[in-house]
Amino acid sequence: MKILVASDVHGSRKFMEELAARFEAEGAEKLVLLGDIYNHGPRNPLPEGYDPMGVAEILNGLVSRLLVIKGNCDSDVDTLISDFEFVSEAVLFVGGKQIFLQHGDRYSADSLPKNCGDAFFYGHYHTGFIERKGGVLVANCGSVSLPKGGTPRSYLLVDGGEVILKELSGSEIARMRI
């Protein structure tokens with residue numbers, strides 16, 4: 001099962017359209033969004049193509065293949081335009097491996113959740129990477145609309161036991177086995 005994991009769209013219809021196209025091109029069965037879907041937040045500039053209602057329209061069309069984690073910029077009012085639920089955290093089981101998912105405002109590579117299993121994925125910091133912390137694979141999918149620290153717009157692709165960090169264009173940045 002292929003799963004595409006992304007974060008920090010921050011209301012950009014332009015980059016949500018690109019992400020939806022990558023989701024289809026990758027042949028992924030599930031799209032996981034790790035928060036900060038519609039709002040840009042007080043410390044971020046407005047992203048290119050800012051159109052939260054347009055983002056909702058795209059996501060509402062994908063509802064049967066969607067899992068959305070609530071981020072620190074997501075509010076209860078966001079549920080009013082969404083045909084899906086926002087959850088605070090989730091666990092996926094892929095190929096016998098446990099992947100813990102959270103936005104990254106409570107946990108990070110430096111503060112892993114207890115019993116996170118084999119892997120921990122988060123967003124929040126807008127910088128994509130894959131690394132190991134002890135026996136846990138830790139991955140940040142970066143941001144599709146507002147990358148920081150000189151990192152590209154990026155997402156994660158989970159394909160079997162492989163985790164692949166990719167630019168929004170589809171070019172591979174890094175990969176690691178869970």
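Keep in mind that this is a model prediction, so the values were computed, not measured.
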So, taking the atom named [atom1] in [X] and the one named [atom2] in [Y], what distance separates them when rounded to the nearest 0.5 Å?
X      : Y      : atom1 : atom2 : result
Leu46  : His40  : CG    : NE2   : 4.5 Å
Leu165 : Glu172 : CG    : CD    : 8.5 Å
Ile130 : Met176 : CD1   : CE    : 6.5 Å
Ile58  : Leu19  : CD1   : CG    : 9.0 Å
Leu4   : Lys166 : CG    : NZ    : 9.0 Å
Asn140 : Ser108 : CG    : OG    : 9.5 Å

Criterion side chain to side chain contact (heavy atoms under 4.5 Å, CB included) on Phe23 and Arg65, from CA distance to verdict: CA-CA 10 Å; Phe23 176 60; Arg65 303 183 318 173; 2.9 Å; yes
Exam field: side chain [X] to backbone [Y], donor-acceptor pair closer than 3.5 Å:
X      : Y      : answer
Asp8   : His124 : yes
Ser82  : Asp78  : yes
Asp51  : Gly54  : yes
Arg175 : Ile164 : no
Glu167 : Ser169 : no
Asn60  : Glu57  : no
Ser145 : Ser12  : no

If you define the side chain from C-beta out and look only at heavy atoms, does anything of [X] sit under 4.5 Å from [Y]?
X      : Y      : answer
Ile69  : Leu33  : no
Glu89  : Tyr107 : yes
Phe120 : Gln102 : yes
Glu85  : Leu66  : no
Val91  : Ile99  : no
Lys133 : Leu112 : yes
Leu62  : Lys30  : no

Please check if [X] and [Y] belong to a single hydrophobic cluster, counting links between Ile, Leu, Val, Met, Phe, Trp and Tyr side chain heavy atoms closer than 4.5 Å.
X      : Y      : answer
Val138 : Ile178 : no
Val68  : Leu80  : no
Met53  : Phe84  : yes
Leu156 : Val144 : no
Phe121 : Val94  : yes

Trace of the side chain to side chain contact (heavy atoms under 4.5 Å, CB included) decision for Leu101 with Leu34: CA-CA 7 Å; Leu101 308 164; Leu34 298 178; 3.9 Å; yes
At their closest point, which heavy atom of [X] faces which heavy atom of [Y], and how far apart are they?
X      : Y      : result
Val5   : Cys141 : O-CB, 3.6 Å
Gln98  : Asn115 : NE2-O, 3.4 Å
Ile81  : Ala56  : O-CB, 3.6 Å
Cys116 : Phe100 : O-CB, 3.4 Å
Asp118 : Gly96  : OD2-O, 4.3 Å
Leu67  : Leu92  : CD2-CD2, 4.1 Å

Glu29 and Lys2: CA distance, side-chain angles, deciding distance, salt bridge (Lys or Arg N to Asp or Glu O under 4.0 Å) verdict: CA-CA 6 Å; Glu29 297 170 51; Lys2 282 188 183 180; over 6 Å; no
Parallel, tilted or perpendicular, as decided by the 30° and 60° cut-offs, for the rings of Tyr122 and Phe129: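 Rings of Phe129 and Tyr122: perpendicular, over 60°.
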Parallel, tilted or perpendicular: ring planes of Tyr38 versus Phe86, cut at 30 and 60 degrees: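 Ring orientation, 0 to 90° scale: perpendicular.
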Donor on one side chain, acceptor on other, His10 and Asn39, under 3.5 Å: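 Side chains of His10 and Asn39: no pair found under 3.5 Å.
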From CA spacing to verdict: side chain to side chain contact (heavy atoms under 4.5 Å, CB included), Glu18, Arg153: CA-CA 11 Å; Glu18 289 184 33; Arg153 291 175 172 80; 5.6 Å; no
Heavy-atom neighbours of Glu131 CD exceed 12 at 6.0 Å: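 Count over threshold, so yes.
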Intermediate values then yes/no, side chain to side chain contact (heavy atoms under 4.5 Å, CB included), Leu59 and Val63: CA-CA 6 Å; Leu59 293 177; Val63 72; over 6 Å; no
Matching residue for His126 among Pro147, Ser143, Ser154 - test: side-chain contact (heavy atoms from CB on, under 4.5 Å):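 Among the candidates, only Ser143 passes.
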Quiz item: cation-pi between Arg22 and Tyr155, 6.0 Å / 45°: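 No, a cation-pi geometry is absent between Arg22 and Tyr155.
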With Lys70, the salt bridge (Lys or Arg N to Asp or Glu O under 4.0 Å) member among Asp105, Asp76, Asp36: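 It is Asp76, the one option of Asp105, Asp76, Asp36 that forms the salt bridge (Lys or Arg N to Asp or Glu O under 4.0 Å) with Lys70.
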